[in-house]
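This structure is a prediction, so every number in the text was calculated from the model and none was measured.
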Amino acid sequence: MKILIINGPNLNRLGLREPAIYGSETLTDLEKKLLSFGEKEQIEVTCFQSNHEGDIIDAIHEAEGQFDGIILNPGAFTHYSYAIRDAIAGVTLPVIEVHISNVHAREEFRHTSVTAPVTIGQIIGLGFKGYELGMLALKERAGGGN
């Protein structure tokens, strides 16, 4: 099982950006945890982060045929990127949308996701644990669950 984890804009600032909301752990901390969790669950994990919409779209397109699923935290693109939404819809891979914070307990503009309708599900507000739960869901969907 191979999973691509894509983190969008500003997630490279984890640990520095709004620690009261996102915590003090960094993107590197998150990626190390996910690689370790993947090893334990026999899932090959590849991590990618970009602040650029086109790079995220390219990563989604290129994942086809290379990965069994995608965990995507589109960051602010969640709320307005129809281009990322169309990229997700244009691949056959299952995609799970993850958000570290509870977007529904935050500003009104964060309450709407244009990408969620083309994903197989969302995990919101569970911190870094949401990524692990997404990985388990993709593993189970692929028939590799316990």
Side-chain angles (χ1 to χ4, degrees), residues 1-41 43-64 66-142:
M1 171 113 220
K2 293 174 70 175
I3 293 177
L4 176 62
I5 298 176
I6 301 174
N7 280 296
N10 299 308
L11 289 158
N12 58 308
R13 302 284 298 162
L14 284 173
L16 300 171
R17 174 186 175 218
E18 301 177 275
I21 295 172
Y22 297 104
S24 60
E25 293 184 287
T26 67
L27 179 62
T28 301
D29 295 332
L30 170 62
E31 291 175 347
K32 284 180 183 175
K33 285 182 180 193
L34 297 177
L35 290 169
S36 176
F37 184 77
E39 217 173 275
K40 186 179 93 172
E41 291 295 326
I43 299 170
E44 186 178 323
V45 176
T46 299
C47 298
F48 174 79
Q49 188 278 328
S50 181
N51 295 317
H52 305 281
E53 185 177 34
D55 291 343
I56 293 169
I57 292 166
D58 289 343
I60 293 168
H61 291 169
E62 292 165 10
E64 188 94 69
Q66 293 185 51
F67 294 92
D68 300 302
I70 297 172
I71 306 287
L72 171 64
N73 183 338
F77 289 136
T78 302
H79 317 295
Y80 67 90
S81 179
Y82 295 105
I84 292 175
R85 180 250 177 249
D86 288 349
I88 297 166
V91 297
T92 60
L93 295 170
V95 176
I96 295 178
E97 184 176 306
V98 171
H99 296 282
I100 295 168
S101 69
N102 180 355
V103 295
H104 300 292
R106 297 184 62 198
E107 303 92 338
E108 183 72 28
F109 76 88
R110 296 187 195 276
H111 298 183
T112 300
S113 171
V114 300
T115 51
V118 291
T119 66
I120 63 167
Q122 284 183 308
I123 301 171
I124 296 172
L126 300 179
F128 287 2
K129 189 72 171 173
Y131 291 84
E132 294 177 2
L133 294 172
M135 290 168 63
L136 291 175
L138 288 173
K139 182 179 178 182
E140 183 175 304
R141 183 181 177 97

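- Contact between A76 and P9 at its shortest, heavy atoms only, is N-CG, 4.2 Å.
- Put simply, the side chain of I43 reaches to within 4.5 Å of the side chain of K139, judged on heavy atoms.
- With rounding to the nearest 0.5 Å, the separation of NZ in K32 from CZ in F128 is 12.0 Å.
- Going from atom CG of L93 over to atom CG of L72 covers 12.0 Å, rounded to the nearest 0.5 Å.
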Criterion side-chain contact (heavy atoms from CB on, under 4.5 Å) on V98 and I5, from CA distance to verdict: CA-CA 10 Å; V98 171; I5 298 176; over 6 Å; no
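- Taking each heavy atom of I6 and I60 in turn, the nearest pair found is CD1-CG1, 3.8 Å.
- Among T26, T28, N51, N7, the single residue meeting the side chain to side chain contact (heavy atoms under 4.5 Å, CB included) criterion with N12 is N51.
- Counting heavy atoms from C-beta on, the side chains of L34 and S36 never come closer than 4.5 Å.
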Test side-chain contact (heavy atoms from CB on, under 4.5 Å) applied to F77 and V114, step by step: CA-CA 9 Å; F77 289 136; V114 300; over 6 Å; no
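- Checked by atom type and distance alone, the side chain of S81 never pairs as donor or acceptor with a backbone atom of T78 at under 3.5 Å.
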CA sep, side-chain torsions, deciding dist, call: M135, E41, side-chain contact (heavy atoms from CB on, under 4.5 Å): CA-CA 9 Å; M135 290 168 63; E41 291 295 326; 5.9 Å; no
Pair T115-E97, side chain to side chain donor-acceptor pair (under 3.5 Å): steps then yes or no: CA-CA 8 Å; T115 51; E97 184 176 306; 2.5 Å; yes
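- For the pair T46/F67, a side-chain contact is recorded, criterion being any heavy-atom separation below 4.5 Å from C-beta on.
- A distance of 12.0 Å separates CZ of R17 from CG of L27, quoted to the nearest 0.5 Å.
- The distance from atom OG1 of T119 to atom CD1 of I88, rounded to the nearest 0.5 Å, is 6.5 Å.
- In terms of heavy atoms, I123 sits closest to G134 at CD1-N, 3.4 Å.
- The shortest side-chain heavy-atom distance between I120 and R141 falls under the 4.5 Å cut-off.
- The number of heavy-atom neighbours closer than 6.0 Å to CZ of R13, taken from other residues, nucleotides and ligands shown, is 12 or below.
- Put simply, CG on L136 and CD1 on I3 are 8.5 Å apart, with the number rounded to the nearest 0.5 Å.
- Taking a cutoff of 4.0 Å between a charged side-chain nitrogen and a carboxylate oxygen, K33 and E25 qualify as a salt bridge.
- Judged by distance alone, the side chain of H79 and the main-chain N or O of T112 form a donor-acceptor pair under 3.5 Å.
- Side-chain contact between Y131 and L30 is present, with heavy atoms from C-beta onward closer than 4.5 Å.
- Separating the CG atom in D58 from the CD atom in E53 is a distance of 11.0 Å, to the nearest 0.5 Å.
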V118/V95 under side-chain contact (heavy atoms from CB on, under 4.5 Å): CA gap, chis, key distance, verdict: CA-CA 8 Å; V118 291; V95 176; over 6 Å; no
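- Nearest heavy atoms, S50 versus H52: OG-N, 2.9 Å.
- Taking each heavy atom of H61 and V91 in turn, the nearest pair found is CA-CG1, 4.2 Å.
- The number of heavy-atom neighbours closer than 6.0 Å to CD of E64, taken from other residues, nucleotides and ligands shown, is above 12.
- Taking all atoms of both residues into account, the shortest heavy-atom contact from N102 to R106 is O-CG, 3.4 Å.
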